[in-house]
Amino acid sequence: QVQLVESGGGLVQAGDSLRLSCAASGRAFSNYAMAWLRQAPGKERDFVAAISWSGDRTYYADSVKGRFTISRDNAKNTLDLQMNSLKPEDTAVYYCAARGGDRSYYSAREYDYWGQGTQVTVSS
């Protein structure tokens with residue numbers, strides 16, 4: 001079992017930056033691949049970014065590539081998402097998620113543990 005708690009969301013203007021953090025507790029954090037996914041009102045939960053258990057591989061949705069950076073610190077049991085050049089279409093609830101095993105990074109169905117989410121609102 002892994003418990004995940006996100007923080008860092010808020011209201012910003014287009015072009016601003018924001019850094020989300022996820023604190024993990026419970027079973028060994030370094031055993032899990034981690035990801036950020038987001039859900040806008042009336043839409044499905046979509047993949048944003050993921051990182052392998054060791055941190056040596058990262059994956060991004062095309063819509064955020066070049067603007068967002070995912071990172072992890074296995075010594076501190078934390079996962080971060082640095083978001084730059086934010087756009088109104090980035091507005092959503094952002095979720096931290098964890099999964100074990102060797103499965104797809106891109107599908108929300110593959111993740112076993114979820115945080116409660118943090119709201120990010122980008123005004124134009």
Side-chain angles (χ1 to χ4, degrees):
Q1 193 82 5
V2 176
Q3 291 79 42
L4 303 171
V5 178
E6 303 96 336
S7 62
L11 171 63
V12 297
Q13 293 187 332
D16 286 351
S17 297
L18 205 58
R19 189 175 186 89
L20 305 182
S21 293
C22 174
S25 60
R27 295 184 67 180
F29 177 70
S30 60
N31 288 347
Y32 296 92
M34 301 294 298
W36 290 97
L37 297 95
R38 66 188 180 187
Q39 188 165 19
K43 296 189 176 182
E44 294 186 352
R45 195 167 295 188
D46 291 333
F47 171 80
V48 175
I51 189 166
S52 62
W53 65 270
S54 65
D56 64 339
R57 288 170 287 146
T58 57
Y59 308 84
Y60 295 95
D62 288 343
S63 59
V64 307
K65 204 170 292 184
R67 299 189 298 124
F68 291 11
T69 302
I70 189 171
S71 61
R72 68 188 295 164
D73 186 333
N74 286 344
K76 297 181 179 179
N77 287 1
T78 57
L79 174 76
D80 289 335
L81 184 69
Q82 178 65 43
M83 305 186 293
N84 298 330
S85 302
L86 282 161
K87 304 176 181 179
E89 51 263 43
D90 294 319
T91 295
V93 176
Y94 283 70
Y95 295 91
C96 170
R99 67 136 176 87
D102 185 16
R103 292 175 280 168
S104 169
Y105 285 96
Y106 298 99
S107 173
R109 292 190 298 271
E110 301 296 340
Y111 289 89
D112 303 310
Y113 304 104
W114 294 85
Q116 82 288 349
T118 186
Q119 176 71 47
V120 172
T121 303
V122 184
S123 63
S124 57

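The basis for the numbers below is simple: all heavy atoms, side chains too, and nothing from hydrogens, waters or symmetry mates. The residues of the chain are indexed from 1 along the displayed sequence.
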Checklist line | Qualifying side chain to side chain donor-acceptor pair (under 3.5 Å) pairs, either residue in residues 75-85, two or more places apart | finding: S17-N84, R19-D80, R19-Q82, S21-D80, Q82-N84

Check: Stepwise, does the side-chain contact (heavy atoms from CB on, under 4.5 Å) test hold for F68 with L18?
Finding: CA-CA 10 Å; F68 291 11; L18 205 58; over 6 Å; no

Note to self: I need the D16 CG to M83 CE distance, nearest 0.5 Å.
What the structure shows: 11.0 Å

Note to self: Within the supplied structure, the quantity of interest is the number of heavy atoms (other residues, nucleotides, ligands) at a distance under 6.0 Å from W53 CH2; does it exceed 12?
What the structure shows: no

Notebook entry, point to check: Is it the case that more than 12 heavy atoms not belonging to E44 sit under 6.0 Å from its CD atom?
Noted result: no

Note to self: Just verifying a value: how many Å separate L79 CG and N74 CG, rounded to the nearest 0.5 Å?
What the structure shows: 10.0 Å

Note to self: side-chain contact (heavy atoms from CB on, under 4.5 Å) for M34 and F29? Distances and angles first, verdict last.
What the structure shows: CA-CA 9 Å; M34 301 294 298; F29 177 70; 3.7 Å; yes

Checklist line | T91 and Q119, any side-chain heavy atoms less than 4.5 Å apart | finding: yes

Item checked: Value rounded to 0.5 Å, distance of CZ in F47 from OH in Y105 -> 9.5 Å

Next item on the list: For residues I70 and Y59, determine if any side-chain heavy atom of one lies less than 4.5 Å from a side-chain heavy atom of the other.
Entry: no

Check: For K65, what residues pass the side-chain hydrogen bond (donor to acceptor under 3.5 Å, both in side chains) criterion, not counting sequence neighbours?
Finding: D62

Next item on the list: Identify, with sequence neighbours excluded, every residue that meets side-chain hydrogen bond (donor to acceptor under 3.5 Å, both in side chains) alongside T58.
Entry: none

Margin query: When you compare the side chains of R99 and Y111, does any donor N or O come within less than 3.5 Å of an acceptor on the partner?
Written below: no

Checklist line | Any donor-acceptor N/O pair, R103 side chain to E110 backbone, under 3.5 Å | finding: yes

Next item on the list: Determine yes or no for a side-chain-to-main-chain donor-acceptor pair under 3.5 angstrom, with E6 supplying the side chain and G117 the backbone.
Entry: yes

Check: Side chain of T118, backbone of Y94: donor and acceptor closer than 3.5 Å?
Finding: no

Notebook entry, point to check: Can you list every salt bridge (Lys or Arg N to Asp or Glu O under 4.0 Å) pair that touches residues 48-59, not counting sequence neighbours?
Noted result: none

Checklist line | Partner residues of S124 under the side-chain hydrogen bond (donor to acceptor under 3.5 Å, both in side chains) criterion, sequence neighbours left out | finding: none

Notebook entry, point to check: Of the non-hydrogen atoms in I51 and S71, which two are nearest, and what is the gap between them?
Noted result: CD1-CA, 3.9 Å

Next item on the list: Hey, could you give me the CD/OG distance between Q1 and S25, rounded to the nearest 0.5 Å?
Entry: 9.5 Å

Next item on the list: Show your reasoning for whether side-chain contact (heavy atoms from CB on, under 4.5 Å) applies to W114 and L37.
Entry: CA-CA 10 Å; W114 294 85; L37 297 95; 3.8 Å; yes

Notebook entry, point to check: disulfide (SG to SG under 2.5 Å): which pairs involve residues 67-97, sequence neighbours left out?
Noted result: C22-C96

Next item on the list: Could you please spell out the steps behind the side-chain contact (heavy atoms from CB on, under 4.5 Å) verdict for V64 and R38?
Entry: CA-CA 12 Å; V64 307; R38 66 188 180 187; 4.0 Å; yes

